[in-house]
Amino acid sequence: MRPSRVTLASDTICAIASSAAVGGVGVIRISGPRSLEVLRRVAPFMGECPEPSRLSYGRFRDGQGSVIDDGYAVYLPGPRTFTGDDVAEVHGHGGAVNLARLLRAFQAAGARTAERGEFSLRAFRNGRLDLAQAEAIADLVEAPTEAALELARAQYDGELSRIVRAVRAALTDVLAAVEVQIDFVDEDLGDALTARVVAPLRDSLARLVALKSTWARGRLMRIAARIVLTGPPNAGKSSLFNVLLDRSRAIVSARPGTTRDFLEDALDLGGYPVTLIDTAGLRDETDDDIESAGMLRAIELAQSADAVLWLHREGEPPPLALCRHPGLIRVWTQLDRQPAFASMPWDGDVRISVVTGEGLDALRTLLFERVVPAGSREGGTAIVTSERHHAALDAACVAVSDAIAADERRLPPELIAIDVKEALDQLGLIVGDTTTEDVLDRIFSRFCIGK
Ligand SMILES: Nc1nc2c(ncn2[C@@H]2O[C@H](COP(=O)(O)OP(=O)(O)OP(=O)(O)O)[C@@H](O)[C@H]2O)c(=O)[nH]1
Ligand SMILES: [Mg+2]
C-alpha cells in the first residue's frame with residue numbers, strides 16, 4: 001500500500017514542472033524544508049545564502065561534480081510560495097532526456113520525486129489555496145478551449161469558493177440561532193428567531209439552487225458533446241469533417257465507401273469543447289463485410305450522440321434508426337453542384353457547400369444551438385464545472401430544503417440543526433474543510449506529476 005500523503009508532507013520533493021516534451025526551457029521545481037540545501041548541491045553557484053526570489057545563472061552539476069546543464073536557478077523561501085514551503089526552481093534546457101538527468105541530480109542530492117498533484121496538495125494543506133482552487137489548477141492546465149480556461153481561472157481565483165463560503169457563513173449563523181432555540185426550549189423566542197432562521201435558510205437555498213443550475217453549462221465545458229456525421233456514401237461527410245476541423249484530417253475521394261472505421265477529433269464550438277466524429281457512408285446493400293461493420297458503428301455512434309448530422313445530396317431520408325433522434329440536423333450538401341436546388345423550398349435544416357462555403361456559418365450556429373441548450377449559454381464565471389461540486393451542492397440543497405420544511409412543520413429545533421449541519425458539511429466538501437483523506441487522495445491523484 002502507498003504510504004499516506006500526510007506522513008510525507010515534511011519531505012523535500014522534486015518534479016519536472018514543465019512539459020517533459022521538447023521545448024526551449026524546462027523547469028524543475030523543488031519544495032520542502034531542504035529545498036535550499038538540495039538546490040545548492042546541484043547549483044553550487046547559488047552560494048551559501050542566495051538572495052531570495054532572484055534568478056541566478058550558472059552550471060548545474062551532478063553528485064560527482066560534472067557539469068550536466070546550465071541555466072537559471074531561484075530560491076523562494078516559504079511561506080509565501082505556491083506550496084507554502086520553501087521552494088526552489090531551476091530552468092534548464094528543455095527535452096525529456098536532459099530534464100530526466102537534471103531530475104536525477106536533484107534526487108541524488110536528497111529530494112524525493114513528487115507524487116501526482118503533490119505540490120497542489122501541499123498548497124492546500126498549508127492553506128495557500130482551498131480545495132476548489134487547487135482542483136482548478138488541473139482544469140486550468142487541461143482546459144480544451146479558451147472559454148473553459150476562463151472558467152478554470154475564475155475558480156482558481158476563488159469565485160466559486162466565495163459563494164460557497166458566504167452561504168456557509170449564513171448557515172453557521174442559522175445553526176447558532178437554532179441552537180439557542182434548543183437551549184431555551186421552554187421560552188417562546190417567537191418571530192425574532194424565526195427571522196434569524198427561515199429568511200436566511202430561504203436565501204441560502206436560492207443561492208445554492210442558482211449556483212447548482214450553472215452545472216448545465218459547466219458540464220458541457222467539461223464533458224465534450226459528441227457530434228456524429230452520417231449520410232449516404234459520397235454525401236460529403238469527410239469533406240465537412242475536414243472543413244469544420246480546418247485541416248485535412250480524413251481521406252476524401254469521389255469513390256463511394258471511402259470512410260470505413262470512424263474518425264474522431266476535438267473541435268471548439270463557440271468555446272465549448274465537442275468531439276466531432278466522421279463515419280462510414282450508409283447504404284442499403286453491400287457485400288463488403290468491412291463496410292457493413294463500419295455502417296453498424298456509424299449507427300451506434302449516431303444513436304448515442306448529442307447531435308447527428310444527416311448529410312445527403314439528393315434528399316435521401318435518414319434511416320429509421322436515426323430519424324427520431326432529438327439532435328438530428330438534416331443537411332443538404334454540395335449545393336454548388338446543384339444550383340437549381342438553392343431556391344427550392346425544402347423542409348431540412350440547412351444547405352451547404354464546402355467548395356463555396358455557403359451555409360457553413362448557419363450550420364455552425366445550428367450545431368451550437370443543438371449542443372448548448374439556450375438556458376446554459378449565459379451567466380458569469382462562477383460556474384460549477386465539477387461533478388463532485390455538483391453532487392455536494394445537490395446534497396446541500398436537499399438538506400436546506402429539509403431544514404425549511406422542518407421549521408415550517410414546527411419540528412423540534414434539534415431536527416433542523418441536523419439538516420443545517422448536513423448542508424454545512426456538504427458545502428465544506430467543496431472548499432475542502434470537511435473532506436476526508438481518501439477523497440483528497442482521489443482528487444489529487446488525477447493531477448499530473450509536477451502540479
Ligand atoms: N463540388 C462539391 N464537391 C463536394 C462537396 N463536398 C464533397 N464533395 C466531393 O464529393 C466526393 C465525396 O466526398 P467525401 O467527403 O469523401 O464524402 P463522404 O460522405 O465522406 O463519403 P464516404 O466516406 O464514401 O461515405 C469528393 O469527391 C468530394 O470532393 C461540395 O460541397 N461541393
Ligand atoms: Mg468519408
Side-chain angles (χ1 to χ4, degrees), residues 224-245 249-265 267 269 274-355 358-374:
R226 291 167 75 77
I227 301 175
V228 173
L229 278 64
T230 60
N234 266 359
K237 301 177 294 298
S238 301
S239 304
L240 178 64
F241 185 65
N242 290 345
V243 164
L244 291 174
L245 293 174
R249 169 78 169 82
I251 299 172
V252 166
S253 129
R255 205 187 305 166
T258 306
T259 308
R260 299 203 161 190
D261 217 339
F262 67 94
L263 287 97
E264 61 173 62
D265 221 315
L267 178 70
L269 187 68
V274 300
T275 304
L276 197 63
I277 303 166
D278 181 23
T279 61
L282 300 176
R283 54 178 154 193
D284 291 339
E285 281 175 20
T286 173
D287 44 20
D288 182 335
D289 56 342
I290 299 175
E291 192 183 359
S292 35
M295 296 200 300
L296 203 64
R297 284 184 177 200
I299 296 277
E300 281 169 5
L301 285 164
Q303 280 173 328
S304 62
D306 299 282
V308 179
L309 297 187
W310 173 254
L311 277 65
H312 59 86
R313 290 181 296 171
E314 292 161 4
E316 300 95 314
L320 270 179
L322 299 184
C323 60
R324 284 186 192 282
H325 193 291
L328 184 70
I329 299 175
R330 291 190 296 154
V331 187
W332 200 304
T333 59
Q334 309 191 20
L335 199 57
D336 58 291
R337 281 186 164 167
Q338 315 154 346
F341 285 121
S343 55
M344 268 171 53
W346 176 57
D347 68 347
D349 298 299
V350 63
R351 294 191 261 212
I352 63 161
S353 162
V354 301
V355 172
E358 214 179 331
L360 291 176
D361 281 342
L363 175 62
R364 283 193 190 93
T365 307
L366 217 63
L367 269 178
F368 185 80
E369 286 168 356
R370 211 50 66 91
V371 168
V372 185

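Keep in mind that what you see is a predicted model, and the values were worked out from it rather than measured.
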Quick one: does Arg255's side chain get under 4.5 Å of Pro233's, heavy atoms only? no
What is the minimum heavy-atom distance between Pro319 and Leu282, and which atoms define it? CG-CD1, 4.0 Å
Polar contact flag, side-chain donor to acceptor under 3.5 angstrom, Glu314-Trp332: no
If you draw a 6.0 Å radius around CZ in Arg297, do more than 12 non-hydrogen atoms from other residues or ligands fall strictly inside? no
Where Ser239 and Val354 come nearest, the two heavy atoms and their spacing: CB-CG2, 3.9 Å
Could you tell me if the side chain of Glu264 sits less than 4.5 Å from the side chain of Asp278, heavy atoms only? no
Rounded to the nearest 0.5 Å, how far does CG of Leu322 lie from CZ of Arg330? 12.5 Å
Check whether His312 reaches the backbone of Ala235 with its side chain - one donor and one acceptor, N or O, closer than 3.5 Å. no
Quick check: closest heavy atoms across Ile251 and Thr259, and the distance to 0.1 Å? O-OG1, 4.3 Å
CZ of Arg351 to CG of Asp336, rounded to nearest 0.5 Å, is 13.5 Å
How close do Leu269 and Arg364 get, counting heavy atoms only, and between which atoms? CD1-O, 4.2 Å
Could you check whether any side-chain heavy atom of Asp288 comes within less than 4.5 Å of a side-chain heavy atom of Arg260, counting everything from C-beta outward? yes
Verify the distance criterion only: is there a donor paired with an acceptor across the side chains of Glu358 and Ser353 at less than 3.5 Å? no
If every non-hydrogen atom of Arg249 is compared with every non-hydrogen atom of Asp265, which pair is closest and at what distance? NE-OD2, 2.7 Å
Hey, could you give me the CG/CD1 distance between Asp261 and Ile290, rounded to the nearest 0.5 Å? 10.0 Å
Side chains of Thr275 and Ile227: does their closest heavy-atom pair fall under 4.5 Å? no
Option from Leu328, Ile329, Asp349 for which side chain to side chain contact (heavy atoms under 4.5 Å, CB included) with Trp310 holds: Leu328
Heavy-atom closest pair (Ile277 atom, Arg226 atom, distance to 0.1 Å) is CD1-NH2, 3.3 Å
Would you call Arg370 and Asp306 a salt bridge, using N to O less than 4.0 angstrom? no
Test item: Gln338 side-chain N/O and Arg313 main-chain N/O as donor-acceptor pair under 3.5 Å: yes
Evaluate the side-chain contact (heavy atoms from CB on, under 4.5 Å) criterion for residues Leu311 and Leu240: first the C-alpha distance (whole Å), next the side-chain angles of each, then the deciding distance (0.1 Å), finally the verdict. CA-CA 9 Å; Leu311 277 65; Leu240 178 64; 3.8 Å; yes
Passing option when Val331 is tested against Ile352, Leu229, Leu366 for side chain to side chain contact (heavy atoms under 4.5 Å, CB included): Ile352
Side chain to side chain, Thr258 and Val252, heavy atoms closer than 4.5 Å: no
Of Val372, Val274, Leu309, the one forming a side chain to side chain contact (heavy atoms under 4.5 Å, CB included) with Leu367 is Leu309
